[in-house]
Amino acid sequence: MSQENEMSHEGHHEHHAKHDEHQHHAGHGAHEGHNGHGGGHHAHHEQMVEDFKRRFWVSVILTIPILVLSPMLQEWTGLAETLAFPGDRYILFALGTAVFLYGGWPFLKGCTTELGKIEPGMMTLIGLAITVAYGYSSLVVFGLPGRMFFWELATLIDIMLLGHWIEMRSIMGASSALEELIKLMPTDAHLVKENGELEDVPVTELQPDDEVLVKPGEKIPVDGPIVKGRTSVNQAMVTGESQPVEKGEGDEVIGGTINGDSAIHVQVSKTGEDSYLSQVVKMVQEAQQSPSRAQSLADRAAFGLTMVALSAGLLTLVAWLLGGREFVFALERMVTVMVITCPHALGLAIPLVVAVSTAMGAKRGILIRDRTAFEASRLVDTLVFDKTGTLTRGEFGVSEVIALENHKEDDVLRLAAALESRSEHPIAKGIVAAAEERELELASPEDFEAIPGKGAQATIDGQHVKVVSPGYLAEHDIEGAPDKVETLAQGGNTVVYVLLDDAPAGLIALADIVREESKEAVRVLR
């Protein structure tokens with residue numbers, strides 16, 4: 001760890017001194033960009049979900065009288081004499097036509113699309129089954145001898161609509177996690193006008209090369225370089241690292257990250273769909289909409305079953321004709337085979353699996369980038385952790401206090417904590433918390449003053465105290481303990497010096513605190 005990075009809270013006191021188409025039909029995603037970008041896509045996706053929901057319930061309602069009027073079911077239940085009446089087949093035809101055209105429309109359209117691409121899959125299989133069932137049943141209504149298949153047609157469409165509705169709802173549910181990501185972006189910004197005056201404007205109105213002011217503690221509204229000021233930036237949203245990163249003129253900042261304790265001017269370089277956060281959102285959207293291995297397997301199975309249905313149907317027709325049966329008899333058997341070959345379970349099982357897995361992942365904060373990789377995770381035998389915020393709390397704690405010369409550890413920590421008690425910085429909080437754990441009594445600092453980019457100083461109990469970075473000592477030719485700093489830094493610690501009257505009194509090493517449950521979590525995973 002370089003000296004520049006060792007002191008991540010350089011300059012953090014300035015503010016206190018002055019006091020963030022469904023695979024087949026509707027996978028358009030919900031959030032391309034932020035602050036209004038992509039709202040149309042989100043609305044379109046919601047409309048598609050509502051459309052499938054509406055088609056499902058209308059089809060289910062129409063299916064009830066279809067079941068009651070179907071001769072085959074009447075025979076099975078022994079209610080043929082009770083429920084049958086003259087002209088009932090024409091009512092059955094009308095209801096079946098409504099379900100076929102309204103409920104079956106997405107599948108007929110999907111079938112046409114797949115055949116147009118010469119990629120027959122699930123849509124082709126469903127479209128073939130419902131078309132054959134409807135066509136043959138309609139001929140029977142108007143005089144062709146045989147049985148009507150309207151109830152098979154209706155129930156097949158109902159089940160397939162249910163499966164697709166569930167699947168699309170799961171994608172929408174997972175997209176709600178992206179909405180939380182979008183909320184990390186501020187909606188307004190302080191635009192610096194040419195005359196130097198400030199104007200609060202919506203982020204969507206910002207243009208490249210505009211200059212915005214970001215006040216201490218605010219979320220940075222756009223991506224771009226700092227053109228004025230120096231600060232520390234909390235980039236945990238992007239990196240997961242709790243350690244703030246020192247940023248100065250020319251350094252790039254990311255929209256949604258949090259500014260530290262100093263005001264900065266940022267030049268707008270990226271907004272809307274071009275911003276870093278929006279690119280992350282777009283990437284996750286595309287991953288959610290990409291077909292998984294299970295879906296690809298289902299499509300391949302559907303293609304095979306389509307071929308089986310066609311082949312078996314034709315073979316059945318030919319076999320009965322060669323067996324000497326009349327054409328009408330053979331045709332009915334062919335239609336029966338082609339209808340029952342369409343797998344109701346296959347059309348419903350895959351969407352349910354996708355829905356459950358995606359919803360469970362989203363509720364636990366898992367944004368799936370690649371469904372195929374997600375499915376393959378069951379084969380994982382090695383796990384590598386990015387410790388910050390995962391095995392650790394994302395909060396700094398004092399790992400070691402080293403006293404120099406004739407000073408005592410408690411005195412070094414007490415003076416540093418008294419000084420840092422004026423700050424809300426993560427490192428300052430860690431030092432103060434360590435002093436409280438040791439029940440050290442803290443004096444009130446006087447003449448508190450920030451050292452821009454390096455630390456802070458104050459008078460405590462008549463002593464001039466500074467808490468600064470190793471870089472401060474190098475700039476002022478103060479002899480420190482570079483060997484100790486290097487050793488601590490190699491252990492992943494952030495190191496600060498405590499100076500008394502400009503002489504090093506001690507070192508304080510801070511590191512991310514390990515979660516108490518981490519050991520148990522690793523044990524369970526093993």
Side-chain angles (χ1 to χ4, degrees), residues 22-25 51-74 76 89 92-115 120-141 146-168 295 298-299 301-313 316 331-353 355:
H22 174 267
Q23 278 69 289
H24 299 295
H25 306 292
D51 182 60
F52 266 92
K53 176 182 176 182
R54 185 167 53 252
R55 289 179 189 274
F56 168 71
W57 285 115
V58 170
S59 297
V60 166
I61 292 170
L62 293 175
T63 298
I64 295 172
I66 288 175
L67 294 174
V68 173
L69 295 174
S70 293
M72 189 179 295
L73 293 182
Q74 290 176 356
W76 290 350
R89 62 172 50 206
L92 190 58
F93 168 72
L95 294 170
T97 300
V99 173
F100 175 70
L101 294 178
Y102 183 69
W105 173 248
F107 309 110
L108 297 172
K109 184 179 179 183
C111 174
T112 303
T113 302
E114 288 182 353
L115 292 176
M122 181 64 73
M123 290 296 161
T124 303
L125 185 58
I126 299 171
L128 176 66
I130 63 176
T131 301
V132 169
Y134 175 75
Y136 177 76
S137 299
S138 300
L139 291 175
V140 172
V141 169
R147 293 178 178 272
M148 292 178 288
F149 290 92
F150 286 120
W151 74 272
E152 290 94 335
L153 162 75
T155 54
L156 174 58
I157 289 175
D158 291 346
I159 290 176
M160 292 305 170
L161 284 173
L162 177 62
H164 284 73
W165 174 31
I166 290 173
E167 185 174 10
M168 292 176 67
Q295 288 166 321
D299 284 337
F303 171 75
L305 284 169
T306 302
M307 298 301 104
V308 169
L310 290 172
S311 302
T316 301
L331 180 63
E332 181 181 352
R333 268 63 187 169
M334 182 192 80
V335 172
T336 303
V337 169
M338 294 181 71
V339 170
I340 66 173
T341 306
C342 185
H344 294 55
L346 183 62
L348 191 59
I350 299 301
L352 281 173
V353 170

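Throughout, residue positions are numbered sequentially from 1 according to the sequence presented.
Taking both residues in full, the closest heavy atoms of Gly313 and Val337 are given as N-CG1, 4.1 Å, listed atom of the first, atom of the second, then distance. Summarising the geometry of Leu62 relative to Ile66, their closest heavy-atom pair is O-CG1, 3.2 Å, with the distance given to 0.1 Å. Across every non-hydrogen atom of Arg147 and Tyr136, the tightest pair is O-CE2, 3.1 Å. Taking all atoms of both residues into account, the shortest heavy-atom contact from Gly96 to Leu153 is O-CD2, 3.8 Å. Here the shortest heavy-atom pairing between Cys111 and Gly127 reads CB-CA, 4.3 Å. The two atoms that bring Ala312 and Thr316 nearest to each other are O-OG1, 2.6 Å, heavy atoms only.
In this structure, Ser137 contributes its side chain and Phe149 its backbone to a donor-acceptor pair below 3.5 Å.
Leu128 is listed as a side-chain neighbour of Leu310, based on a closest heavy-atom distance under 4.5 Å. When side chains are defined from C-beta on, Leu161 does not count as touching Val60, because their heavy atoms never get closer than 4.5 Å. Side chains of Leu69 and Trp151 form no contact here, defined as non-hydrogen atoms less than 4.5 Å apart. When side chains are defined from C-beta on, Phe150 counts as touching Val141, because their heavy atoms get closer than 4.5 Å. Residues Pro71 and Leu92 form a side-chain contact, since some pair of their non-hydrogen atoms from C-beta on lies under 4.5 Å apart. Taking 4.5 Å as the limit, some side-chain heavy atom of Leu67 sits within range of a side-chain heavy atom of Thr155. Counting heavy atoms from C-beta outward, Met148 and Phe93 have side chains that stay 4.5 Å or more apart. Within the 4.5 Å cutoff, the side chain of Leu139 has no heavy atoms near those of the Leu331 side chain.
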(request) Show your reasoning for whether side-chain contact (heavy atoms from CB on, under 4.5 Å) applies to Val99 and Ile130. (result) CA-CA 10 Å; Val99 173; Ile130 63 176; over 6 Å; no
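Phe52 and His164 have parallel rings, their planes meeting at less than 30° on a 0 to 90° scale where 60° marks the start of perpendicular.
Interatomic distance, CD1 of Ile157 versus CG of Leu162, reported as 13.5 Å (0.5 Å rounding). Remark: Ile61 CD1 to Phe56 CZ distance equals 10.0 Å, nearest 0.5 Å. Taken to the nearest 0.5 Å, the CG atom of Leu156 stands 6.5 Å off from the CD1 atom of Ile126.
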